[in-house]
Visitor: 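Below is one structure. I have some questions about it.
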Amino acid sequence: MKIHNTLSGKKEEFVPGGDEVKMYVCGVTPYSSCHIGHAMSYIIFDVVRRYLEFRGYKVKYVQNFTDVDDKIIARANNLGRPTSEVSQELIEEYFEDMDRLNIRRADVYPKATEEIPDIIRVVQGLIDKGHAYEVNGDVYFRVRSGDNYGKLSHRNLDDLRSGARVEVEEAKDDPMDFALWKAAKAGEPSWESPWGYGRPGWHIECSVMSLKYLGNSLDIHGGGQDLIFPHHENEIAQSEAFTDVVPFVKYWMHNGLLQLEQDKMSKSVGNLVTVREMLKKSSADAFRLFAMNSHYRNPLNYSDEGLSAMERAVERLRRALQIEDEEGNGETLDAETYRQRFIEAMDDDFNTPQALAVLFDLARRINGAKEQGLLVGQAQEMLRELAGVLGLQLEGEVKEFPADPFVNLLVEVRSELRTAKQWQLADMVRDRLGDLGVTLEDTPKGTKWQYKGGK
RNA sequence: GGCGGCGUAGCCAAGUGGAUAAGGCGGAGGUCUGCAAAACCUCUAUUCGGCGGUUCGAAUCCGCCCGUCGCCUCCA
């Protein structure tokens with residue numbers, strides 16, 4: 001299979017370094033609720049992981065929480081509460097949101113605040129090797145200590161410097177040098193270190209946690225395109241400087257950003273839709289379909305209309321799974337070619353739009369075969385399996401609602417009306433139930449009903 | 001200013017050198033149905049932002065232009 005590597009800018013044949021695929025995805029900084037841009041990114045990497053496993057790889061998946069940072073501190077101060085409490089609450093919310101989106105949990109979720117001794121050890125190591133230096137309790141990484149800085153984002157230090165809007169701090173050797181460790185200011189959480197009390201800088205925690213939980217060379221490191229620079233560039237610089245192992249990461253994967261009304265959705269800009277808001281209106285399957293319907297490297301524009309179109313599309317797949325085989329039918333529908341096409345699509349840098357096209361083709365084939373009297377149970381199993389690789393659940397109703405017996409009663413009465421050919425009354429019942437969000441379908445086996453959009 | 005994307009039907013969106021340009025939503029017609037719904041069948045881009053060029057052949061490669069977005073500052 002092929003994966004597009006940001007480092008080379010090309011699709012490359014995927015060859016993991018060992019038996020186990022080592023995969024690290026940058027997690028969130030928990031200072032506010034997750035928005036649907038996060039959801040999209042984590043859905044994409046969830047699919048990457050599920051697909052790798054489907055193809056027989058064993059995957060170790062690590063995702064961090066950067067639970068100490070300026071914004072968390074600001075937020076906690078606003079609320080008059082400890083930072084640890086605020087971040088912990090948001091982490092719990094994160095898990096709830098991701099669970100609802102059917103995103104499988106990572107194997108390890110390290111937190112920056114729980115890795116301080118290792119962070120200090122790595123920072124000290126970088127100082128010892130001459131890649132970092134301390135100034136008044138701050139420690140900076142020296143970007144010019146290697147000659148590879150900029151290789152991921154494909155820019156060079158001189159270009160950066162000329163156009164940079166970075167405030168020049170006199171203390172730094174080079175304006176692009178970045179903080180590994182920040183000296184404590186009043187009212188901030190801090191930890192004791194060889195350079196006095198302080199806290200880790202933004203990038204170092206990811207390097208330390210990935211090195212610790214996955215080793216010196218990872219197979220896949222993922223995140224949004226907005227992390228390419230400076231975050232991932234800095235991770236490479238400090239990790240490779242510390243371990244002398246190159247490459248730190250074999251395949252860098254970056255997803256395009258979700259946009260809202262033509263602008264990037266961003267916490268700091270405030271133009272965002274939270275996962276919770278979105279899930280009030282849509283099912284997890286519809287959102288997953290929405291996210292996977294465009295290629296992961298392209299930006300995607302969010303719209304309510306787009307999402308509700310996906311709701312109807314999900315329904316199409318769901319229905320193909322709901323039909324049942326009858327006794328005494330003819331041959332069995334062979335769906336093997338669809339499986340092959342699915343694999344072909346996904347092997348090509350996770351081409352989910354094409355993989356979805358295969359699922360829709362298969363759904364149509366199942367429906368058509370059913371009308372021809374073929375047995376479709378096996379094909380349905382395959383559809384369910386392949387959809388599952390994309391994290392789609394396609395479940396019909398499971399839960400019982402208090403209104404169910406009343407709906408059943410109305411449907412029963414309507415059936416009597418139909419038997420008596422009281423079409424007007426029967427249609428009125430159907431229309432009024434429709435207004436209330438219940439759709440009826442008359443089939444040869446009786447009337448079926450369901451709540452619109454599932455439950 | 002520097003770097004990198006993107007521009008394909010009413011909308012969303014694959015395809016990135018060769019034979020009919022995926023799929024979804026929407027729309028039109030038909031089959032089925034008491035009528036619907038669902039499902040199935042048919043149709044819905046002679047053409048891929050514009051102009052040049054390379055090639056036997058380009059949506060696909062190259063150049064220029066137009067539009068648009070991101071990164072260069074915290075960000076999935």
Side-chain angles (χ1 to χ4, degrees), chain A residues 6 9 25-29 31 34-45 63 66 69-71 74 150 153-156 158-167 176 202 222-231 233 254-259 262-269 272 289-290 292-295 297-301 303 305-317 319-320 322-323 341 345 348 351-361 363-364 366-372 418 421-424 426-427 430-431 434 439-444 447-449:
Chain A
T6 307
V25 174
C26 279
V28 292
T29 299
Y31 73 91
C34 282
H35 58 66
I36 54 181
H38 296 115
M40 183 178 88
S41 186
Y42 296 127
I43 284 170
I44 286 162
F45 290 107
Q63 187 180 105
T66 300
D69 137 290
D70 291 349
K71 293 208 194 72
S153 51
H154 305 112
R155 40 190 99 183
N156 65 65
D158 299 314
D159 287 345
L160 282 168
R161 193 150 57 168
S162 58
R165 282 174 278 166
V166 183
E167 266 182 56
M176 292 309 294
W202 174 33
Q225 277 171 354
D226 52 353
L227 294 180
I228 295 173
F229 190 91
H231 187 55
E233 194 71 61
H254 293 97
N255 63 275
L257 302 178
L258 189 62
Q259 317 210 335
Q262 300 304 323
D263 284 316
K264 182 182 76 164
M265 191 172 299
S266 163
K267 285 192 189 180
S268 49
V269 179
L272 50 80
L289 213 59
F290 182 77
M292 291 187 287
N293 196 224
S294 85
H295 188 86
R297 280 190 282 116
N298 291 146
L300 178 60
N301 209 1
S303 73
E305 303 77 59
L307 193 52
S308 55
M310 287 302 129
E311 201 75 66
R312 293 187 287 276
V314 168
E315 194 56 29
R316 197 172 158 68
L317 295 177
R319 284 182 179 276
Q322 278 167 4
I323 56 179
R341 285 173 56 203
D348 184 16
N351 193 329
T352 53
Q354 216 152 59
L356 284 173
V358 175
L359 298 193
F360 283 106
D361 284 347
R364 179 181 295 110
I366 287 170
N367 289 327
K370 173 69 183 173
E371 297 203 347
Q372 291 162 14
R418 292 183 69 226
K421 299 199 189 296
Q422 299 268 343
W423 306 124
Q424 275 199 328
D427 288 352
R430 183 176 61 198
D431 291 347
T439 49
L440 303 196
E441 278 177 51
D442 298 321
T443 75
T447 301
K448 289 184 183 170
W449 69 270

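Here is how names work: the chains are called A, B, and so on, in the same order as the sequence lines, proteins then strands, and each is numbered from 1. All values below were derived from every heavy atom in this structure, side-chain atoms included, with hydrogens, water molecules and symmetry-related copies excluded.
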Visitor: If you look at every strand shown and take non-hydrogen atoms under 4.0 Å, does Ser294(A) touch a base, only sugar-phosphate, or nothing?
Guide: sugar-phosphate
Visitor: Val358(A): what forms a side chain to side chain contact (heavy atoms under 4.5 Å, CB included) with it, not counting sequence neighbours?
Guide: Tyr338(A), Arg341(A), Phe342(A)
Visitor: Under 6.0 Å from the six-membered ring centre of Phe360(A) and within 45° of its axis: does the NZ or CZ of Arg316(A) meet both?
Guide: no
Visitor: For Gly256(A) and Met40(A), work out which heavy atoms get closest and say how close.
Guide: O-CE, 3.1 Å
Visitor: NE2 of His38(A) versus P of A76(B): gap in Å, rounded?
Guide: 4 Å
Visitor: Which is true for Asp431(A) with a 4.0 Å heavy-atom rule: it touches a base, it touches only sugar-phosphate, or it touches nothing?
Guide: nothing
Visitor: What's the closest nucleotide to the Trp423(A) side chain, out of C40(B), A37(B), G34(B)?
Guide: G34(B)
Visitor: Determine the Euclidean distance between corresponding C1' atoms of G2(B) and G49(B); express it in Å to zero decimal places.
Guide: 25 Å
Visitor: Using a distance-only criterion (donor-acceptor N/O pair, under 3.5 Å, no hydrogens), is the base of C35(B) paired with the side chain of Arg430(A)?
Guide: yes
Visitor: Go through the structure and list residues passing side chain to side chain contact (heavy atoms under 4.5 Å, CB included) with Pro230(A), not counting sequence neighbours.
Guide: Trp202(A), His203(A), Asn234(A)
Visitor: Quick check for you: among C69(B), A13(B), C40(B), whose closest atom lies nearest to any side-chain atom of Asn293(A)?
Guide: A13(B)
Visitor: Quick one: does Ser308(A)'s side chain have a donor or acceptor within less than 3.5 Å of a partner on Glu305(A)'s backbone?
Guide: yes
Visitor: With rounding to the closest Å, how many angstrom separate the P atoms on C43(B) and G23(B)?
Guide: 11 Å
Visitor: On a whole-Å scale, what distance lies between the C1' atoms belonging to C51(B) and C12(B)?
Guide: 29 Å
Visitor: Return the value, rounded to whole Å, for the distance between atom CG of Asn255(A) and atom P of G5(B).
Guide: 17 Å
Visitor: Measure from CZ on Arg297(A) to C1' on U16(B) and round the result to the nearest Å.
Guide: 12 Å
Visitor: Nearest to the side chain of Phe229(A), which nucleotide is it out of C72(B), C25(B), A38(B)?
Guide: C72(B)
Visitor: Using the C1' atom as the reference point in each nucleotide, state the distance between A45(B) and A13(B) in Å, no decimals.
Guide: 14 Å
Visitor: How would you list, by chain and number, every residue that makes a side chain to side chain contact (heavy atoms under 4.5 Å, CB included) with Asp70(A), sequence neighbours excluded?
Guide: Lys182(A), Arg199(A)
Visitor: Write down the distance separating the P atoms in G10(B) and U46(B), rounded off to the nearest Å.
Guide: 9 Å
Visitor: Please pick, from A39(B), A76(B), A13(B), the nucleotide with the shortest atom-to-atom distance to any side-chain atom of Glu371(A).
Guide: A39(B)
Visitor: So is the aromatic ring of Tyr42(A) stacked onto the base of A76(B), judging by whether the centres are under 5.5 Å apart and the planes are under 30° apart?
Guide: no
Visitor: Output the rounded distance in Å from CG (Leu258(A)) to P (A13(B)).
Guide: 11 Å
Visitor: Reckon Gln225(A) touches a base, only the sugar-phosphate, or nothing at all at heavy-atom distances under 4.0 Å?
Guide: nothing
Visitor: Kindly point out which of G2(B), A14(B), G34(B) is positioned nearest to the side chain of Arg155(A)?
Guide: G2(B)
Visitor: Measure CG/Asn298(A) against C1'/G5(B) and give the value in whole Å, please.
Guide: 8 Å
Visitor: Select base, sugar-phosphate, or nothing to describe what Leu300(A) touches, counting heavy atoms under 4.0 Å on all strands.
Guide: sugar-phosphate
Visitor: Taking the side chain of Lys71(A) as its heavy atoms from C-beta onward, which of G23(B), C74(B), A14(B) lies nearest to it?
Guide: C74(B)
Visitor: Sequence neighbours excluded, which residues qualify as side-chain hydrogen bond (donor to acceptor under 3.5 Å, both in side chains) partners of Ser294(A)?
Guide: none
Visitor: Would you indicate whether the side-chain heavy atoms of Thr66(A) and Val28(A) approach each other to under 4.5 Å?
Guide: no
Visitor: When the C1' atoms of A28(B) and C62(B) are compared, how many Å lie between them, rounded to an integer?
Guide: 43 Å
Visitor: Would you mind reading off the distance between Leu356(A) atom CG and C25(B) atom P, rounded to a whole angstrom?
Guide: 12 Å
Visitor: From the options G23(B), C25(B), A76(B), select the nucleotide whose nearest atom is closest to the side chain of Arg364(A).
Guide: G23(B)
Visitor: Does a donor on one side chain and an acceptor on the other come within less than 3.5 Å for Thr29(A) and Asp69(A)?
Guide: no
Visitor: Measuring only between side-chain heavy atoms, which start at C-beta, is Met292(A) closer than 4.5 Å to Leu356(A)?
Guide: yes
Visitor: What does Gly368(A) touch in the nucleic acid at a heavy-atom separation under 4.0 angstrom: a base, only the sugar-phosphate, or nothing?
Guide: sugar-phosphate
Visitor: On the side chain of Asn156(A), is there an atom forming a donor-acceptor pair with the base of G2(B) - under 3.5 Å, no angle test?
Guide: no
Visitor: From CD of Gln259(A) over to P of C12(B), roughly how many Å is that when rounded to an integer?
Guide: 13 Å
Visitor: Can you measure Met310(A) atom CE to C11(B) atom P for me and round it to whole angstrom units?
Guide: 15 Å
Visitor: Please state whether the phosphate of G15(B), meaning OP1 or OP2, lies under 4.0 angstrom from any side-chain nitrogen or oxygen of Asn351(A).
Guide: yes
Visitor: For nucleotides C48(B) and C40(B), find the distance between their C1' atoms and express it as a whole number of Å.
Guide: 31 Å
Visitor: Taking the P atom of each, how far is A14(B) from G24(B), in whole Å?
Guide: 15 Å
Visitor: Identify which nucleotide among A76(B), C69(B), A39(B) has an atom closest to any side-chain atom of Arg316(A), counting heavy atoms from C-beta outward.
Guide: A39(B)
Visitor: Within the 4.0 Å heavy-atom criterion, would you say Gly222(A) contacts the bases, only the backbone, or no part of the nucleic acid?
Guide: nothing
Visitor: Out of C25(B), A76(B), C74(B), which has the shortest distance to the side chain of Ala313(A)?
Guide: C25(B)
Visitor: Taking the nucleotide of RNA chain B with the closest heavy atom to each, which residue, Arg418(A) or Phe360(A), is nearer the 5' end?
Guide: Phe360(A)
Visitor: If you look at every strand shown and take non-hydrogen atoms under 4.0 Å, does Ala309(A) touch a base, only sugar-phosphate, or nothing?
Guide: sugar-phosphate
Visitor: Which nucleotide, G34(B), C6(B), A39(B), lies nearest any side-chain atom of Asp442(A)?
Guide: G34(B)
Visitor: Quick one: list whatever passes side-chain hydrogen bond (donor to acceptor under 3.5 Å, both in side chains) with Thr439(A), sequence neighbours left out.
Guide: none
Visitor: Represent RNA chain B in dot-bracket notation, 5' to 3'. Only Watson-Crick or G-U wobble pairs with both distances under 3.5 Å count; pseudoknot-style crossings use [ ] and interstrand partners use |.
Guide: ((((((((.[[[..)..(....]]]((((((.......))))))....[[[[[..)....]]]]])))))))....
Visitor: Heavy-atom nearest nucleotide on RNA chain B for Gln424(A) versus Val358(A): which residue maps closer to 5'?
Guide: Val358(A)
Visitor: His295(A) near the nucleic acid: base, sugar-phosphate alone, or nothing, with a heavy-atom cut-off under 4.0 Å?
Guide: sugar-phosphate
Visitor: Using a heavy-atom cut-off of 4.0 Å across all strands, would you classify Asn367(A) as base, sugar-phosphate, or nothing?
Guide: sugar-phosphate
